[in-house]
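As the structure lists them, so they are numbered: ligands from 1, and atoms in each ligand from 1. These numbers were taken from a predicted model, which means no experiment stands behind them.
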Amino acid sequence: MKRNKYVIANWKMNITKSPHKVIDGVSKHLLKTKKNSCRVVLCPPFTHLATLSTKYKNLDFGGQDCHQHNEGAFTGSVSAYMLKSIGCNYVIIGHSERRNYQKESNHELRMKLIVAEENKLKIVFCIGEKLNQLKIRDKILKKQLSALPSSFNTKNLIIAYEPVWAIGSGKTPSVDEIDRAHIKIRNILNQKYKRKSTNISILYGGSVNSKNSSNILGIKNVDGALVGGASLDKKEFCKIIDSSSR
Ligand code: 13P
C-alpha cells in the first residue's frame with residue numbers, strides 16, 4: 001500500500017520577520033515543481049494562521065495545538081473547531097515541548113485527539129523518547145501511543161516520531177535507529193488498528209535539515225518529516241521538500 005508522504009513545517013513560537021515571504025516562496029516553489037509527490041503542510045503560530053490560510057489556498061495549514069474542548073471559558077486556548085473554521089486541515093497534538101512545558105498528560109492528549117477527529121482535522125500525533133529513556137524507548141513509544149483511542153478514524157492520523165534529544169540539538173539517530181523505531185511504531189499500530197493501520201503515515205522529526213533530509217526521507221519506513229528550525233528558512237525548507245521526491 002502506498003502511503004501519503006508529508007513534509008510539515010512546525011514554526012513553533014519563533015518570530016519570523018516576514019512570514020508571508022517564506023510562505024510565498026514555498027507556494028511559488030510548489031507551483032513550479034509540480035513533480036512533488038509529498039504533501040506540504042505549514043504550521044505557523046496561531047497569530048498568522050487565519051491570514052495565511054485565507055491568502056494561500058494552494059497550501060495546507062495546521063495548528064500547533066488545540067484545546068480538548070470546542071469552546072468555553074479557557075483563556076488563551078484555541079479549539080479544533082476554530083482551526084477548522086479558518087480553513088486549517090491539520091493539527092499537531094502531543095508535541096514534546098507541550099508534554100514537557102504544559103505537562104500534557106496521556107488523558108488530556110486523548111481528549112484532544114478525539115475532539116480534533118470530530119472536527120475532521122488531520123492529526124499529527126507526536127511521540128518520542130527523552131535521552132535518559134533511550135534504553136526503554138519501545139516501552140515509552142507504546143505508552144505514548146496508548147493515548148490513541150482504539151476506535152479512531154485512522155485516515156486522519158499521522159504519527160511523528162521525534163526523539164526529544166534530537167529536537168533542536170543538531171543530533172539525529174542513525175538511519176538504522178530511525179528505521180527500527182518506525183518499525184516498532186508500525187507494529188504497535190498494526191496491533192491496535194489491524195488492517196486500518198496501513199494508511200497511517202509515520203514521519204520523523206528532530207534536527208532535519210537540507211543536508212540530512214535525503215538520507216532520512218530515503219528510509220523505507222519513513223513517510224516524511226516534521227521540520228522545526230529548518231522550516232523557517234524558505235530555501236532550506238524547499239530543499240527538504242525536493243529531497244522527499246527523489
Ligand atoms: P527541529 O527540526 O528544530 O529539531 O525541531 C523538530 C520539531 O520539534 C518539529 O516538531
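Donor-acceptor pairing under 3.5 Å is lacking for the side chains of D223 and H182. N70 and S79 form no side-chain donor-acceptor contact under 3.5 Å, judged by distance and modelled atom types alone. Under 3.5 Å, the side chains of S146 and N106 contain a donor-acceptor pair of N or O atoms.
Both the backbone and the side chain of I167 come within 4.0 Å of ligand 1, judged by heavy-atom distances.
Nearest to atom 5 (O) of ligand 1 among the protein's heavy atoms is K12 NZ, 3.3 Å. The nearest protein atom to atom 2 (O) of ligand 1, hydrogens excluded, is given as G228 N, 2.9 Å; this is a heavy-atom distance. Nearest non-hydrogen protein atom to atom 7 (C) of ligand 1 is E162 OE2, 3.0 Å.
Listed by chain and residue number, nothing satisfies the side chain to side chain donor-acceptor pair (under 3.5 Å) test with S201 (two or more places apart in sequence, or in another chain).
Contact analysis leaves G205 out of contact with ligand 1, as no non-hydrogen atom separation drops below 4.0 angstrom.
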Please table the atom pairs, donor to acceptor, closer than 3.5 Å between any side-chain atom in residues 14-24 and protein atoms at least two apart or in another chain.
from	atom 1	to	atom 2	distance (Å)
N14	ND2	W11	O	3.0
D24	OD1	Y56	OH	2.8
D24	OD2	K28	NZ	2.8

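Below 3.5 Å of separation, one finds no N or O of S169 facing any N or O of ligand 1. Note: no N/O pair closer than 3.5 Å links L226 and ligand 1 by distance alone. The distance criterion of under 3.5 Å between nitrogen or oxygen atoms is met by G229 with respect to ligand 1.
For ligand 1, the atoms closer than 4.0 angstrom to any heavy atom of G206 are 4 (O), 6 (C).
The only member of N4, L59, V7 that meets side-chain contact (heavy atoms from CB on, under 4.5 Å) when paired with R39 is N4.
When all heavy atoms of G63 and C88 are compared, the pair lying nearest together is N-SG, 4.4 Å.
Atom 1 (P) of ligand 1 has its nearest heavy-atom neighbour, among S207, G128, A225, C126, in S207.
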